[in-house]
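Notes for the one structure printed next.
Below, chain A is the first sequence line, B the second, and so on; all start at residue 1.
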Amino acid sequence: MSPAEKPTPKQSIKAVRGTRDLLPDQTPLWNHVESTARAIFSRYGFGEIRTPIFEDTTLFSRSVGEETDIVSKEMFTWEDRARAASEKAQSLTLRPESTAGVVRAYIEHKLGETGQLQKLYYIGPQFRRERPQRGRYRQFWQIGAEVIGPQSSGAESPIRDAEVLEMLSSLLDELGIRDWRLDLNSVGNADDRARYNAALREALAPVKHLMCPDNQRRADTNPLRVLDSKDEADQEIINTLPKIADFLSPESRTHFEQVLAALDASGVNYNINPRLVRGLDYYTRTTFEFTVTTGLGTQNALLGGGRYDGLSEMLGGPKAPGIGFAIGEDRLILTLQAQAEADAAAEAGAPSSPAVSSPVRVGQAWSPKKLDAYIAPIGEAQNPAALTLARDLRRAGLTIEVGDGRFKLGKSFDTADKLARHIILLGEDEVATHTATLKTFATGEQVKANREELTDMLKGVKP
RNA sequence: GCGGCUAUAGUUCAGUGGCAGAACGCCGCUCUGUGGCAGCGGAUGUCGUGGGUUCGAAACCCACUAGCCGCCCCA
């Protein structure tokens, strides 16, 4: 820095747009969600896969689709520098989704050669350069899974589709998500889709000029998306358009019917939504989306997914049909928080307490736990003994915080009561006699105990 | 990427041109081996950033940044 360049005094650096910090009052809920997902996935035979957070840009343009919004305008892409004159700079991209990376890994490690069905799950951040909004961030987290394998492994079977959907319904139920809705559709195989696309274009040609500008654009670029339109005025026209169901090949139709039959048998509720088209190019046949009504506003899609029978080949791999999904973890958590707040409000009847500002998560599985004990040394001379005692109790598996002998006793009690269920007083007497005074906040009970008794009492073992 | 709303203490917010405020929280004292309660006292702060108007700006104007809402899209 040149001397003339006077440093601006206090320009604090903030998290970049669309990214955020998760502080310790939030992370227990995130961990709860993630450990629940891990537990359920493993019951269904899934193993975890971790793939790189950035990949060759081509991976995404080939799989997700050059013309999609994600690839055409939302990726964080940069040119990696060439390390030698002979080397070409490589275009790299922060992953906007993980299915492409997982399938790349499947191909790269020849997992198909095992002949076995691969069931893989991942949890991690994704990056899209969209305008931030509630439930939509530039770095967001997805919990996803893929079922993929050679045809002989049964990867194409409708039982796999139904199993994945049933697993998701179990996951949402177990997490306590209420009022979720599953929308389901079949977009057919690649041929079905091509024929349907052509038919849509044909049907739209004479009427598209009557539609809103967005739909006129879609009619040209991606006619399937017209079906998604929320434009009220255009609904009448949209209802007259051909239905995908009429273009499904007998094989696609049978596949879809078998998925539905398996869902019926396992009691998973669903809505067939002929207008549900997913945005990524690689989807074939079954597509689905789970939505909720609480907490997400307009970004009400909690998770989405579908089958991608041609993806491996698009990436230069062997034929490997598959099905997968991605859960928006940020959205899942917003939903859980909104539900908890709604519950707390209902509990309070007509709430009229304006002074309550702390987030309401009382009684939830993820509410922060109090420490087992707070050790209060009395006088600075007791600090070393306090730290030693803390070490021993921590090694015994207890959660312990240590104060400072410089604190006044009143302050120690205040802090201890906030953090812990017990306070351990360590004064000159206790240190000299190798004992400690243990007080239980809930009961006000206070005892003097030696070190072994202390550990037992804190662990809830009868001395 | 487009449109709208918003930005003041740690938090939630009041403050429509004239001394920067409340509540909760925080710190201290009453109280140097016994907390929660109470009383008293204290600090809360580049009023998002930069410019402009004005004798004077937290307030009015412009730009920027960020958040939220809607669109687009998606998880």
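Within the 4.0 angstrom heavy-atom criterion, no nucleotide atom of any strand lies near A:Q126. Within the nucleic acid shown, A:F290 has no heavy atom closer than 4.0 Å to any nucleic acid atom. Among the protein residues, A:I378 comes within range of the nucleic acid bases, having at least one heavy atom under 4.0 Å from a base atom. Residue A:K439 is in base contact, counting any heavy-atom pair closer than 4.0 Å across all strands shown. Residue contacts for A:E428: at a heavy-atom cut-off of 4.0 Å it reaches a base atom on one of the strands shown. Counting any heavy atom pair closer than 4.0 Å across all strands shown, A:G405 reaches no nucleic acid atom. At a threshold of 4.0 angstrom between heavy atoms, the contacts of A:L302 are confined to the sugar-phosphate backbone, with no base atom among them. Within 4.0 Å of A:D429, counting heavy atoms only, lies at least one base atom of the nucleic acid. Residue-level contact check: A:K448 touches neither bases nor backbone, having no heavy atom under 4.0 Å from any strand. Contacts of A:T437 with the nucleic acid, taken as non-hydrogen atoms under 4.0 Å apart, include base atoms. Looking at heavy-atom distances under 4.0 Å, A:R20 makes no contact with the nucleic acid at all. Within the 4.0 angstrom heavy-atom criterion, base atoms lie near A:G427. A:G135 comes within contact range of at least one nucleobase, with a heavy-atom separation under 4.0 Å.
Closest to the A:L425 side chain, of the nucleotides B:rG33, B:rG3, B:rC74, is B:rG33. Comparing atom distances between the A:D417 side chain and each of B:rG3, B:rA75, B:rG35 picks out B:rG35 as nearest. With distances taken from any side-chain atom of A:K408 to the nucleotides B:rC68, B:rC74, B:rU32, the minimum falls on B:rU32. For A:R136, the side-chain atoms get nearest to B:rA75 when compared with the rest of B:rU34, B:rG4, B:rA75. Side-chain proximity of A:R331 to B:rA75, B:rG70, B:rG36: nearest is B:rA75. Minimum atom distance to the side chain of A:A301 is reached by B:rA75, of the listed B:rU34, B:rA75, B:rC29. With B:rG35, B:rC71, B:rC68 as the choices, the nucleotide that has an atom nearest any side-chain atom of A:P132 turns out to be B:rC68. Relative to the side chain of A:L409, the nucleotides B:rG33, B:rC26, B:rC69 differ in distance, and B:rG33 lies closest. Relative to the side chain of A:R225, the nucleotides B:rG3, B:rG35, B:rC74 differ in distance, and B:rC74 lies closest. Comparing B:rU32, B:rC73, B:rG33 by their closest approach to the side chain of A:D69 singles out B:rC73.
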Worksheet entry | Verdict with supporting geometry, A:E163 and A:K119, salt bridge (Lys or Arg N to Asp or Glu O under 4.0 Å) | CA-CA 12 Å; A:E163 182 183 41; A:K119 293 173 119 177; 3.1 Å; yes
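Counted within 6.0 Å of CD on A:E445, heavy atoms from surrounding residues, nucleotides or ligands total 12 or fewer; the atom is thus considered open.
One interatomic measurement links the two molecules: CZ of A:F127 to P of B:rC74, which rounds to 20 Å at whole-angstrom precision.
For A:R217 and A:E289, each mapped to the nucleotide of RNA chain B holding its nearest heavy atom, the one lying further toward the 5' end belongs to A:R217. Where A:T440 and A:E329 meet RNA chain B, the nucleotide closest to each residue was compared, and A:T440 sits on the side nearer the 5' end.
Judged by atom type and distance alone, A:Q446 does not reach the base of B:rG35 through any side-chain donor-acceptor pair under 3.5 Å.
Partner of A:L168 under the side-chain contact (heavy atoms from CB on, under 4.5 Å) criterion, out of A:L303, A:D173, A:L182: A:L303 alone.
Nucleotides B:rU44 and B:rG28 place their C1' atoms 14 Å apart, quoted to the nearest Å.
B:rG35 has no base stacking with the ring of A:F441 when judged by centroids under 5.5 angstrom apart and an interplanar angle below 30°.
Under the 3.5 Å distance criterion, with hydrogens and angles disregarded, no donor-acceptor pair is assigned to the side chains of A:E146 and A:Y106. No side-chain donor-acceptor contact under 3.5 Å links A:N185 and A:N273. For the residue pair A:N239/A:R275, the side-chain donor-acceptor check at 3.5 Å is satisfied.
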